[in-house]
Each structure stands twice: as C-alpha cells, then as structure tokens.
Amino acid sequence: MNSIAVLGCAWGDEAKAKIADVLSESMDVVVRFQGGDNAGHTIFISGKKYVFHILPCGALNPNTELVIASSCVLNLDTLKKEILDIESGGLFIKERLKIYGTVTLITNFSVILDKARENFYKKSGNIGTTCKGIGPSYEQRAARYAIRLIDLLDQETLRVKLEKLAREINMSLKSYGVPAFTSEDLKAEFDKLVTHAEYFRDCIVDDDYIYNCSQSGKKILYEGAQGALLDLYHGSYPYVTSHPSTYGAILTSCGIGINTAPKRVVGVVKSYFTRVGNGPFPTYIKEVDIHEKIREIGHEYGASTGRPRNCGWLDLVLLKRTIDMNGITEIALTCIDVLCKIGRVKICTKYNYATENIPPVLMEALDSVIPVYDEIDLSNCSVEGIKNWKDLPEAIKLYISFIEDYLEVPVTMLSYGPDRNQILIKK
Ligand code: IMO
Ligand code: MG
C-alpha cells in the first residue's frame, strides 16, 4: 500500500537519483531491481557529490534498509568499492544491505567480453555499451550458466561453474581475436570471489524478502535504473540495455505479485532529452551552439563512463508511450533550470514520416521520423527561491501544463538544480 516506484521515462540519465533520494526519506526499504553498475546516479548534498552505480541512492537516508533484488547483475568489486567509499564519509551501508542470493554476478571475464565485442563491431555498428559486462552477464543468466551470489557459498560449485563460464567466454573471445583466459586468470577470479564470499555472506537473503517486508507493513521504494527507452523489449532495440527497465521488472525481480506491487508510480522526465551510446534520437538538436550549451549547462557527461551525452528536445510522442507503458501516476520534471538558461525551447508533439513505408512498430520507425515542434519561451525564468507552486513563472507553468495535457498525468515535483534541496513539490 505504502510503496512507490521511481522510473526513468527516456534513455536513462533523467536525474532519477535525486527524486529517489527525496522520496526515500519516509521509506523503510529501498530496492534496486534491475541493471548493474552501468547506472550512474549523482546526488549533491550541500555541495558534496555522491555517485552511485549499483547501490540504491536511498542509501543516503541512514534509516533505510537497502536491497539488491534478483534481476540485477552485480559486480562485487564495484559494490565493495562503493560501500567503502560511502562508509568513509560516515554512513553505514553494509549492515543495512540485503542481496538476493539468486542475483547474477558480473565476473571480470564478462567485462572483458563486453569490451572485446564493442571493439570488434566498432566499424560495423556497435551498441555503445558502458563496457561493464552487463550484456554478457544477462546472456549467461538466460543460457543458464551464470554465476549467482549463492554459488559463492560452496567452493566446489563455484569452481565448476567458473570453469564452464570461462570455457564459454573463451569461445567468444577467440572469434573476436582476443587472447583466451588462462588457468592463472581462472584462479585469480576464483580467489577473488572466495574473498567476496566472506565479505558478503551476511547480506544474502532469500527471494521472498521483499514480499515479507511488505507483509510486515514496511514502506518500500523501488528505485529504477536506466529508462523505458532502454528496455530490452519495448525500447529502441538493439540500442538498449540487456534487461527490462519498465514497471514489470519490479515484480519479476523482487518476486512479488499485483497485491504487493507499488501503486504510486513516479515517472522521472528530464526537461530535455539525452542519450549516450548509439541508436536513433529523433529530437537530437542539430544546432551545434544550442546543443553544446545544453550539454555544458546541464553537465551532460556520463557518470559511469564520462562519455558526453547527446542532447535533444523533449519528445512527447515517445514520452506518451513510456508513461502509458509504465502506468505512471505522476511526473517528476527535472533539470528545468537548464532549459530556462536556453530561453526559447522546443517540444516535440508529433512525428511526420520521411517515407510512406512506415513500420507498424514505433521504435522501428524512429530513424525515419521528422519531429514537429511547438515552442515556448523560458527566458528569464527561474524557480530558485520559490516556495509555492502557484508562484512559478507563467512560462514554466505553461511548459508544465503543456506536458500534463499531452501526457494526461500530473507533474507533482519540479527539480531545478543538482542539490537535494533544489526541488519544489506540489502540495
Ligand atoms: P542510468 O541509471 C544512460 C545505455 C548505454 C548503451 C546501452 C547498453 O544512469 O540512467 P549496457 O552497458 O547497459 O549494455 O549499454 O544502454 N545505458 C545507459 N544510458 N544511463 C544509464 O543508466 C544507462 N545504462 C545503460 O549507454 O547505450
Ligand atoms: Mg547514466
């Protein structure tokens, strides 16, 4: 009853972290339910920067319990580093952390395979992945030879599984012209995982953990990573991540049904669009000066890889799809301060098509669409210092009502800067 989902509605990087952080204040449990350390979630608290990759950002609220659920792919090196980094700042993490034993582990072998594949296809069309081993790890899960966290508790099982994994990966590496893993590499990975087993043993929980939390009345925040357009099934395939990132992923990953599922679903929408990696981007801004200005003002560089993000105008056609698909009940609109500094801005409300041969699947048509725009002038607008929604500048109200009318969902939160406090909530 009391649970909330926070979901990205575009190609990731919608500034979800801050929304999750703010909402987690009154929550008992925060859960990461998909993806891995391909996510890059940044929060500023009084000027201090925190970057999360695999831990839920709700971790910054010291009273929350932290859960990593089954459909995540987990690099234990990254996780341990993240824990130690945050703990060095005085916040306890590990004693609050629970991890589903059935979660898939990302081995160093998978990271190397991801890189090898990206490199091999560079000229003929790679995906532009984060090279964190995400794709290979989800492949292993589907092919049923993945290593799961629970496997670390029995060294003989681990040894056998690791050998099989290395054998499978070596066949791929060979075809990409990359040296295979040796028995020394295998031993090094085994030893590292055994060390991790000791460190993480107490964090392991069974797959009914979230169900039981819910039954005991705990308030749960389901914190999405990536965004709906990167969803493996409904996104801009093949330029997507390797797991669903829409609402349904919550249920599958946490092992819950409709009665436990969150009814309040907050869709995070950035006031303009960005995307990293390759793939279609209908509202990409071709005017170099505006593009650069948005990127610089919005610090649009990947938190995981440092890659510059491509920038585009808000695309209501795609958002209508992702809002409906996720069952979004309210919108958190982020980075409005960046758009205000641009002045005259565009919003895509319709697609025309360059060809008469329009594919019946929207995501397949994205390469051939011609966006149709409305314009709004946000010059001289600012949210800084405003305490009540009704006092917002008229142009911002117009921008918001344009979005609300089109998407038929209310905007209830407006984020106007990177700091935790730079947020206006509609009362
Ligand atoms: P957050 O949670 C933006 C993109 C990659 C690439 C594609 C596949 O910070 O919003 P992968 O490494 O997952 O196999 O890469 O998905 N991608 C993201 N883009 N933000 C993310 O997460 C992303 N996670 C994956 O850039 O295009
Ligand atoms: Mg990101």
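Atoms within a ligand are numbered from 1 in the order they appear, just like the ligands themselves.
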Hydrogens and angles aside, do [X] and [Y] bring a side-chain donor and acceptor to less than 3.5 Å of each other?
X      : Y      : value
Thr104 : Arg141 : yes
Thr64  : Asn61  : no
Ser415 : Lys18  : yes
Thr130 : Thr305 : no

Are any of the N/O atoms in [X] less than 3.5 Å from those in ligand 1?
X      : result
His41  : yes
Leu230 : no
Lys132 : no
Asn38  : yes
Asp13  : yes
Thr130 : yes
Asp114 : no

Within 45° cone and under 6.0 Å: [X] NZ/CZ vs [Y] ring:
X      : Y      : result
Lys48  : Tyr50  : yes
Lys161 : Tyr145 : no
Lys94  : Tyr199 : yes
Lys49  : Phe44  : no

> Crowded around Arg295 CZ? As in, over 12 foreign heavy atoms under 6.0 Å?
Replying inline: yes
> For atom NZ of Lys192, is the number of surrounding heavy atoms from other residues, nucleotides or ligands below 6.0 Å larger than 12?
Replying inline: yes
Protein heavy-atom partner closest to [atom] - residue, atom, separation in Å:
atom                    : value
atom 19 (N) of ligand 1 : Val276 CG2, 3.5 Å
atom 9 (O) of ligand 1  : Gly40 N, 3.0 Å
atom 13 (O) of ligand 1 : Thr241 OG1, 2.6 Å
atom 23 (C) of ligand 1 : Gln226 CG, 3.8 Å
atom 15 (O) of ligand 1 : Thr129 CA, 3.3 Å

> atom 8 (C) of ligand 1: which of Val240, Ile134, Val73 has the nearest heavy atom?
Replying inline: Val240
> Among Ser245, Gly128, Gly36, which residue places a heavy atom closest to atom 6 (C) of ligand 1?
Replying inline: Gly128
> So, are Lys132 and Asp114 salt-bridged, with charged N and O less than 4.0 Å apart?
Replying inline: no
> Just one of Gln34, Lys16, His243 clears the side-chain hydrogen bond (donor to acceptor under 3.5 Å, both in side chains) bar with Gln226, so which one?
Replying inline: Gln34
Using heavy atoms and a 4.0 Å limit, tell me yes or no: is [X] in contact with ligand 1?
X      : answer
Arg309 : no
Arg307 : yes
Trp11  : yes

> With no hydrogens and no angle check, is any side-chain donor or acceptor of Lys346 less than 3.5 Å from a backbone partner on Gly312?
Replying inline: no
> Counting N and O atoms only, with roles assigned by atom type, does the side chain of Tyr351 sit under 3.5 Å from a partner on the main chain of Val372, one being a donor and the other an acceptor?
Replying inline: no
>> Run the side chain to side chain donor-acceptor pair (under 3.5 Å) test on Tyr301 and Arg307 for me, step by step, so that the C-alpha distance in whole Å, both residues' side-chain angles and the decisive distance to 0.1 Å come before the verdict.
In response: CA-CA 5 Å; Tyr301 295 88; Arg307 292 178 293 175; over 6 Å; no
Pull out every atom of ligand 1 sitting under 4.0 Å from any heavy atom of [X], numbered as shown with elements.
X      : answer
Ala225 : 2 (O)
Ala39  : 1 (P), 2 (O), 9 (O), 22 (O)
Lys16  : 1 (P), 2 (O), 10 (O)

> For the rings on Trp313 and Tyr284, is their centre-to-centre separation under 6.0 Å?
Replying inline: no
> Sorted by chain and residue number, which protein N/O/S atoms are under 2.8 Å from the Mg ion (ligand 2)?
Replying inline: Asp13 OD1
